[in-house]
Structures are given as C-alpha cells and as structure tokens.
Number of protein chains: 2
Amino acid sequence: MVRLKDIAEKANVSTATVSYVINNTGNISKETREKVLRVLEELNYKPNQVARSLKNKKTRTIGVIVEDITVFNAPEIIDGINSYAEKHGFSILLTNLRIYKRIGNNYHEIEKCKDLIESAMDELLSQQVDGIIYIGVHIRDVTGLVQESNKPIVYTYCYTSSPKDYSVNFDDELATYEITNYLIEMGHRKIALISGLIDSFPSHQRFLGYHRALMEKQLLFNPVFVKTGDWQYESGYRMAKELLELQEKPTAIIAMNDVMAGGVLEACRELNIKVPDELSIVGFDDREFGIYFLPKLTTMRLPLDEMGLLSMKKMIKLLDQDKEVDYETKVKCQLVQRESVSSPSGLIV
Amino acid sequence: MVRLKDIAEKANVSTATVSYVINNTGNISKETREKVLRVLEELNYKPNQVARSLKNKKTRTIGVIVEDITVFNAPEIIDGINSYAEKHGFSILLTNLRIYKRIGNNYHEIEKCKDLIESAMDELLSQQVDGIIYIGVHIRDVTGLVQESNKPIVYTYCYTSSPKDYSVNFDDELATYEITNYLIEMGHRKIALISGLIDSFPSHQRFLGYHRALMEKQLLFNPVFVKTGDWQYESGYRMAKELLELQEKPTAIIAMNDVMAGGVLEACRELNIKVPDELSIVGFDDREFGIYFLPKLTTMRLPLDEMGLLSMKKMIKLLDQDKEVDYETKVKCQLVQRESVSSPSGLIV
DNA sequence: TTGTATGCGTTATCAA
DNA sequence: TTGATAACGCATACAA
C-alpha cells in the first residue's frame with residue numbers, strides 16, 4: 001500500500017505538499033506540482049478513504065436500508081440511488097433487513113422488526129455514514145420504526161406521519177385518476193375497481209383518484225363496482241367473479257396491482273369472457289410478468305429508478321445544508337398501454 | 001458523538017481501560033469493568049468504525065460489484081451475501097455497474113466496460129474493503145475484466161479462465177441431466193432441447209447433461225432434436241415451431257431458459273398443441289413469471305441465495321487465511337414441478 | 001490491574 | 001511557496 005508519506009519521500013517534499021496537490025488546496029508552484037503528480041502516477045497512489053474519513057469527519061457514504069431486496073421494487077430503486085450517488089462521488093453501504101423472509105406478509109408484525117432496524121441503524125451510524133435512505137417493501141406508515149439520529153434520513157416507498165420527515169413516493173391518486181380517465185376516453189362508462197387492503201394508504205389514494213375522474217366527467221359513481229381485495233391473486237379472481245356475475249356488468253376493471261389483475265384474467269377465462277373485447281383490464285405496478293399475460297397487460301409503471309435517484313438527490317441537498325429541500329416528493333407514474341384494453345364492444349369511438 | 005475519551009473521563013479511567021473492556025482484551029477487574037460498562041450504557045456509546053478500521057487495517061467491509069442489479073439473478077445473490085455477512089459482522093459496500101443499461105444485450109461489448117470496472121475496483125480498494133465479490137449478469141468468462149489486486153476476489157454467476165480464481169456457480173450439467181432423467185422417467189423417449197447461444201458456457205454444459213442422461217439410459221441421441229436459440233422469447237417460439245413441424249415430433253421440449261419456454265408455449269397455442277397432454281415443456285431459471293404461464297411452467301430453480309451465501313462464506317474463509325478453500329464451487333439446482341409436464345399421451349406409467 | 005504514549009494515513013493550521 | 005506538527009478516534013506495546 002502506497003501512502004502519502006511514500007510519495008513525499010520519493011518526491012523530496014513534505015506530506016503536506018503532497019496533500020495540497022492532491023486536493024488542490026494551498027498554493028503550490030507549477031514545478032513541485034508536476035513533480036508530485038509524476039510520482040503519484042508512478043507509484044499508482046490511491047488515497048486511503050478510511051484515513052480521509054477519520055480526518056474529515058465525513059465518509060461520503062450513504063447507508064441504504066432496504067426492507068427486502070428480493071421484492072420487486074427494491075432493485076430499481078437501488079439502481080436509481082446508485083446512479084446518482086456514483087455521479088456525485090458517494091458510496092452505498094447496503095443493509096438488507098430481509099423482512100419478507102422473516103415475517104412474510106404479516107406486515108402488522110413489523111413491530112417485531114424494530115430491534116432489527118435499530119441494530120441496522122446502529123451499525124450504519126457506527127460506520128459513520130453521512131445519511132440514511134430507507135426503502136420499504138410497501139407504501140405504508142413506518143413511523144416509529146426508525147430511531148431518530150442527527151443524520152438525515154430519506155424514506156422512499158414508505159412514509160411517516162411526521163411532516164418534517166423527508167420522503168419520495170409516487171403519486172397514487174394521480175395514477176388511478178389517469179387510468180380512469182384513459183378508460184373513460186376509450187368509451188367506458190361502467191368502470192369497476194378492485195382495491196387492495198382497505199386500511200392501506202395506497203388503496204385509499206387510488207380510490208380517490210378513481211373517484212375524482214368519475215366526478216369530473218360527471219359519471220355515476222356506483223359503489224357496487226368497488227370491491228376490496230387483499231393484493232393477492234386469489235382475491236383478484238374472486239372479486240372479478242363477483243363483478244362479472246352482476247346484473248349490470250362493468251365493461252372495464254381496474255385492479256390495484258398486477259397480481260390481482262392476473263386473478264381477474266383467470267376469472268375471465270373461466271367465465272369465457274374475451275379480454276379486451278368484452279372486458280378491459282388495467283393493472284398497477286408494471287411487473288415483469290405482465291407481458292406474459294394473455295392478452296398482455298395494460299398497466300401503470302412505477303417510477304422506481306426515478307424514486308431512487310430523487311432520494312439520493314434529496315440526500316445530497318440535505319448534506320449540502322440546502323435550505324430549499326421539500327419534505328415530500330411525489331413522482332408521476334406512466335401508463336403502459338398493451339393489449340388488455342379496448343373500447344367497449346358495440347361502441348365505435 | 002461520544003468517544004472513548006468521553007467514557008474514560010466520566011468513568012475516571014484511561015482510554016486504554018475502556019478499550020480493554022469494550023474489546024475484552026487485557027485483564028480488567030470486575031469493578032472497573034462494571035463501572036465502565038455502566039458509563040458505556042449511560043452515554044450510549046457507539047464505536048467509530050472508521051477510526052477502528054484505520055487502526056486495525058481491516059474494515060470488515062466487502063465490496064460487492066454487481067454487473068446489473070436490475071437483472072433477475074442479482075437481488076437474491078445479494079440477499080444471500082447479506083445474510084451471511086450480517087451473521088459474521090461484515091458490511092457490504094455495493095457498486096452497481098448498470099451494464100445492461102449501458103450496453104444492452106451486446107455482451108461482446110463488455111470490453112467497453114473495462115474502464116468502468118477498473119474505476120469501481122479502485123474506488124472500493126480506496127475504501128479499503130477487505131475483499132471483493134463480483135456478480136455477473138450471465139454465466140460467462142470475465143477473464144481480464146477485473147484487475148489483479150492483493151485483496152481476495154470471489155466471482156459468482158460468472159467465471160474466469162484462471163484455475164486459481166475463486167468462483168461460485170451452479171451446476172449446469174447436472175441440472176439438465178436431472179431434467180432429462182425426469183422426463184425419461186415420466187416415459188418420454190423423444191426429448192428435444194432448445195439451447196441458448198452456442199458459444200456460451202452454460203449452453204455447452206447443459207447440452208452435456210442432456211446428452212449424458214440419454215446415453216446412460218441408452219436412448220437414441222437425435223441431433224434433429226437439438227435446436228439453437230439465442231435465449232430470447234422469439235427464438236424459443238421459432239425453434240419450437242421447427243421441432244413441432246417435424247415428421248417425428250418430440251413429446252417433450254427442454255428450453256434452456258424460461259423466456260424461451262414462453263416462446264415454446266406460444267408456438268403450441270398457435271399449432272393447437274395441448275400442454276402437457278401432447279407436449280411436455282421444461283424451462284430453466286425459475287423466473288417469477290413462470291407461475292403465470294398456462295399451464296404453470298415446470299422449471300429448474302437456480303440456487304441464487306445459496307450462491308450468494310457461499311460466496312460470502314468463501315470470502316470469509318479467505319480472509320481468515322484458511323488453507324482449505326476450494327477454487328471452484330458448484331451448487332445444485334432444484335427441479336420445480338408444476339404443470340407443464342406429464343407422461344406422453346397414450347402411455348400409462 | 002491500569003495508565004502513558006504512539007501510530008494508523010490523512011488534512012490543515014501555523015510558522016518559516 | 002513549503003514544511004513541521006497536531007489532530008481525527010481508536011488499539012496496543014510497554015511501563016508502572
């Protein structure tokens with residue numbers, strides 16, 4: 001390992017001088033600068049970041065706590081964080097809580113993970129990270145899970161109840177508003193909605209977007225067309241069956257995620273209903289498997305990489321003591337038009 | 001920030017003493033130990049790992065370079081690395097090369113990434129990581145891409161031509177051997193194979209396993225039943241069509257990945273061939289979308305988390321100067337039986 | 001059993 | 001324009 005001292009000796013200067021030329025601080029004559037530069041090159045010097053960090057009391061390292069990296073949202077968010085971090089000379093210390101393997105779908109047991117999160121935080125703080133980005137597995141309230149600290153924290157794919165915490169999420173309300181509008185423009189008037197668990201924030205927001213679109217277009221809001229699922233395949237299947245056995249069937253169904261949309265498709269196969277000719281279906285999330293559905297699923301793409309990128313951007317602003325940092329950031333989703341939507345049969349648009 | 005010194009002052013002992021009790025080194029009387037412990041607790045002391053690392057010349061941090069974290073294999077491998085690392089008090093410094101976004105499917109352009117990889121390595125080395133785990137996006141030869149260094153490197157989901165490099169992969173040959181055997185046991189005699197690109201190592205190995213199974217069971221090896229695809233959906237579709245238009249059709253098709261198996265299924269739908277009644281299909285990879293196929297895809301699960309775990313295990317052994325570390329590790333894949341395989345029609349087993 | 005003092009590789013203050 | 005030196009927080013050799 002080559003140290004500053006080695007460079008200094010070989011170049012016949014002091015370590016201070018070498019440090020000056022490396023960091024472009026101080027006034028160094030052109031000759032010494034070039035001499036030092038030459039030796040630096042020659043010995044292939046790489047600064048020891050650990051020593052630097054100790055001296056500077058800054059590590060240019062961000063701790064990323066991800067609730068579960070095997071869940072579909074995580075990799076792209078991390079990708080976004082990484083890309084921005086790399087561009088600005090920051091490193092990522094990754095901690096994976098693996099909560100999915102630990103508590104499965106019982107998110108109410110998340111409290112059990114409090115110790116886990118605390119020790120993850122302690123570990124990262126101990127490593128002197130400059131800040132922490134917390135990535136949830138579901139958009140939900142994580143208030144109280146993460147201990148306070150004097151380092152900035154940015155939450156993404158989750159939120160807290162405190163208005164003074166920093167978060168980056170996507171705009172649920174706008175997303176379903178746009179889906180609903182899209183269906184209305186395609187000529188649909190009887191649009192059903194299969195919701196996720198009713199006590200979840202995204203379910204609520206997405207319902208609001210759906211409702212707003214109907215109201216703005218002065219369409220009838222029919223409560224019978226709103227069903228509550230639990231995000232799982234089977235509930236999509238079951239709710240679709242209920243909807244399709246109605247006296248007055250919907251001509252389109254919005255499922256609040258792609259998994260439930262899969263269930264809707266199965267119900268259609270069973271009831272021999274042609275998609276999209278007799279029923280249009282829109283999912284949510286743009287999971288990879290959607291392109292393998294028959295027909296290919298029209299859905300809402302989550303701006304995951306952008307969320308990651310903006311989280312990191314926000315973090316750096318915070319570290320730069322920027323005063324103009326928004327607490328809450330909402331990113332727009334993008335409709336992905338594939339094959340599961342058409343105008344309702346009999347209608348010529 | 002609370003330092004050793006603060007503890008020492010408050011407890012009326014020297015910093016050395018505090019250090020001794022924290023690290024359980026030296027002989028400390030029960031009383032002083034307890035006194036120090038109390039102050040430690042009281043001030044909620046967290047050791048500064050940066051200072052520690054500088055002193056110890058060890059960071060207990062492993063650099064993980066992943067060619068692309070958004071590719072399906074990466075998250076689970078990282079998960080495995082994480083779980084083992086956490087258990088042994090190691091941290092993960094993650095670098096994502098994002099080569100998929102940079103060069104797409106043109107893996108021959110990987111040379112272009114050499115600079116990228118080099119700067120990633122330099123960065124990690126500069127951070128004084130104790131070792132590096134390199135995760136590829138495809139099982140392929142990465143010789144020469146990663147520069148030498150005095151720190152141990154473990155390659156996973158890729159390999160090098162040097163027999164003295166450390167690697168962890170899955171056993172391709174055994175996997176197709178088992179698939180083929182499984183189909184033979186189900187009563188199939190005419191088993192076709194749709195290969196990936198022919199110049200790839202996994203394609204070659206998997207062919208070998210297929211061939212060995214046929215030979216051992218003294219079945220005819222029919223070259224007409226072996227088709228070369230390019231890992232993509234469309235090639236699976238095209239090759240399946242060729243196979244199913246043969247005078248003597250196969251009763252089973254093994255596709256070397258799930259994506260191509262999807263293409264095979266599409267060909268079957270088009271030709272009105274019932275799966276699995278008239279044709280059995282086995283994929284490879286156990287991608288998430290396989291359960292949404294009709295019928296659900298029988299496939300080979302990749303032991304990704306185990307590969308990650310074993311990579312980290314190997315790394316720690318290397319750091320412990322263990323002499324008995326295998327250069328090459330091969331992990332067994334697991335057949336996942338779902339609905340796309342049955343005995344050939346007309347046959348009662 | 002405990003304390004003093006040095007050094008890990010840097011940066012930066014201050015003096016020359 | 002350059003150099004000597006202290007300090008960052010910790011671990012440890014050696015002295016007491």
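Residue numbers start from 1 in every chain, and the chains themselves are labelled A, B, ... in the order their sequence lines are given, proteins ahead of strands. The structure displayed is predicted, hence computed values, not measured ones. Note that these values count all heavy atoms, side chains included, but never hydrogens, waters or copies made by symmetry.
Taking all atoms of both residues into account, the shortest heavy-atom contact from B/K101 to A/D79 is NZ-OD2, 2.5 Å.
The residue from B/T59, B/L93, B/D122 that alone fulfils the side chain to side chain contact (heavy atoms under 4.5 Å, CB included) condition with B/Q127 is B/L93.
Defining each end axis of the helix from C/dT1-D/dA16 to C/dA16-D/dT1 as the rotation carrying four pairs' C1' atoms onto the next four, with five pairs an end, the two axes are found to diverge by 50° to 10 degrees.
Considering only heavy atoms from C-beta on, A/K10 stays 4.5 Å or farther from A/D6 through its side chain. Under the 4.5 Å side-chain criterion, counting only non-hydrogen atoms from C-beta, A/L4 is in contact with A/I22.
Heavy-atom distances under 4.0 Å link DNA chain D to A/N27, A/I28, A/S29, A/T32 of residues 25-41 of chain A, given in residue order. The stretch residues 120-132 of chain A has no heavy atom under 4.0 Å from DNA chain D, so no residue of it qualifies as close. Contacts between residues 7-14 of chain A and DNA chain D, defined by a heavy-atom separation under 4.0 Å, are made by A/N12, A/V13, A/S14.
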Fill in: Per-nucleotide protein contact string for nucleotides 5-10 of chain D (B base, S sugar-phosphate only, - none; heavy atom under 4.0 Å)
B-BBBB
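Protein chain B contacts DNA chain C over a range whose 5' and 3' limits, counting nucleotides with an atom under 4.0 angstrom from a non-hydrogen atom, are C/dT1 to C/dG9.
Toward the 5′ end of DNA chain C lies the nearest nucleotide of B/T17, the other residue of the pair B/T17 and A/Y20 mapping further downstream.
Using cut-offs of 30° and 60° for the angle between ring planes, the B/Y134 and B/Y155 rings count as tilted.
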